[in-house]
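To start, the structure under review is shown below, and the notes come after it.
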There are 2 protein chains.
Amino acid sequence: MVVDELTDETVNRIFRALADATRRDIVRRTLIAEVSVSQLAQAYDMSFAAVQKHVAVLEDARLVTKDPRGRERMVRGNPECIRQAQRLLDQFEEIWRSRIDRLDALLSEGETPSTQKG
Amino acid sequence: MVVDELTDETVNRIFRALADATRRDIVRRTLIAEVSVSQLAQAYDMSFAAVQKHVAVLEDARLVTKDPRGRERMVRGNPECIRQAQRLLDQFEEIWRSRIDRLDALLSEGETPSTQKG
DNA sequence: GTAATCTACAACCAAATGGTTGTAGATGAA
DNA sequence: TTCATCTACAACCATTTGGTTGTAGATTAC
């Protein structure tokens, strides 16, 4: 079991990185296969430097990793970071679910004894 | 089945709203029970107006809803929006998984026939 | 060696973000 | 009514964000 001991700042970076369509597209592409920064840059209607910055934001959030292959920098999506984000959302879901459970418990307390468990 | 036809801007707003610790905490609290804006404001070391803005960001992203109760505005977490975000992350996970499947397929092509499924 | 390609990084800019204070309108309580 | 509370919203400010251009260093190709 992986204990997630993510700081607020870490979580901030992950969600902020995902809050941009270009960056989400980069994550998708690089989850499918590793791609160089220049290959990525060709895919978008913006400068190479702009794409470079987007990759840097993703790398800072650990959503992608970058490693040298000759003069290129190959970018790969990091599925583990995606899973961390999933777990965070699962926690919200869980909070809501447990609230519903409590409400259900309250309701059944108010019902006729025949509906009580036992 | 809910078809998610979310625009990029919609998704941007959801993730950006989640990219702040105070706002994530507001979502948690309001998923547990509805809370007024002033009650929320008491929980954080910042001005009422600042908390009001955070709630507005969450409301814009549909992560919470706000409805009037007398002079108060009760804030409630919206679990459906959380689930939309979960589905988005699931899509990433799925992209990665299908890539692994393709890699597995390529590998098994090169293996001995005994390892083929059949 | 020379030229082309890929990357890093700085400087700059407009717009968005996250906070503040202040003012004013509704609503509830005395 | 009068006062306190809750909210809305504008104005302002510092920082961050998302883009640009330009320069320079590595690596590859010829």
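A note on names: the letters A, B, ... follow the listed sequences, proteins ahead of strands, and every chain is numbered from 1. Predicted model only: the values in this text are computed from it and were never measured.
B/Glu59 has its CD atom 10 Å from the P atom of D/dC9, to the nearest Å. Between the NE2 atom of A/His54 and the C1' atom of C/dA8 there is a distance of 17 Å, given to the nearest Å. Whole-Å rounding puts the A/Glu72 CD to C/dT5 P distance at 13 Å. Note: OH (B/Tyr44) to P (C/dG19) measures 12 Å, nearest angstrom. If you measure from atom CZ of B/Arg13 to atom P of C/dA16, you get 13 Å, rounded to the nearest angstrom. At whole-Å resolution of the value, CE in B/Met46 and C1' in D/dA14 are 16 Å apart. Between B/Leu58 atom CG and C/dT17 atom C1' the separation is 14 Å, expressed in whole Å. Between B/Phe15 atom CZ and D/dG18 atom C1' there is a gap of 19 Å when expressed in whole angstrom units.
Side-chain nitrogen and oxygen atoms of A/Lys53 include none within less than 4.0 Å of the OP1 or OP2 phosphate oxygen of D/dT21. OP1 or OP2 of C/dA8 has at least one side-chain nitrogen or oxygen of A/Gln52 nearer than 4.0 Å. At the phosphate of C/dT7, OP1 or OP2 sits under 4.0 Å from a side-chain N or O atom of A/Ser38.
When every heavy atom of B/Leu89 is checked against every heavy atom of A/Ile82, the shortest pair comes out as O-CG2, 3.9 Å. Smallest separation of non-hydrogen atoms from B/Leu40 and B/Ile26: CD1-CG2, 3.8 Å.
The residue A/Thr22 sits apart from the nucleic acid: no heavy atom pair falls under 4.0 Å. Within the 4.0 angstrom heavy-atom criterion, only backbone atoms of the sugar-phosphate kind lie near B/Arg23; the bases stay farther away.
Ranking D/dT7, C/dG18, C/dC9 by closeness to the B/Asp20 side chain, first place goes to C/dG18. Relative to the side chain of A/Phe48, the nucleotides D/dG19, C/dA8, C/dG18 differ in distance, and C/dA8 lies closest. Nearest to the side chain of B/Arg16, among D/dA8, C/dT17, C/dG18, sits C/dT17. For B/Ser47, counting side-chain heavy atoms from C-beta on, the closest listed nucleotide (D/dT7, C/dA8, C/dT21) is C/dT21. The side chain of B/Arg71 has D/dC6 as its nearest neighbour among D/dC6, D/dG18, C/dG18.
A salt bridge between B/Glu72 and B/Arg69 is absent, with no side-chain N of the basic residue lying under 4.0 Å from a carboxylate O of the acidic one.
Annotation: side-chain hydrogen bond (donor to acceptor under 3.5 Å, both in side chains) contacts involving residues 46-55 of chain B, sequence neighbours excluded, comprise B/Arg23-B/His54.
Between the side chain of A/Arg73 and the base of C/dT7 there is no donor-acceptor pair of N/O atoms closer than 3.5 Å.
Comparing A/Ala50 and B/Gln39 by the nucleotide of DNA chain D that holds the closest heavy atom to each, the one mapping nearer the 5' end is B/Gln39. The 5' end of DNA chain C is approached more closely, in terms of each residue's nearest nucleotide, by B/Val57 than by the other of B/Ala49 and B/Val57.
Panel note: side chain B/Ser108, backbone B/Asp104; a donor-acceptor pair is recorded below 3.5 Å. When atom types are taken as modelled, the side chain of A/Arg76 and the backbone of A/Thr65 share no donor-acceptor pair closer than 3.5 angstrom.
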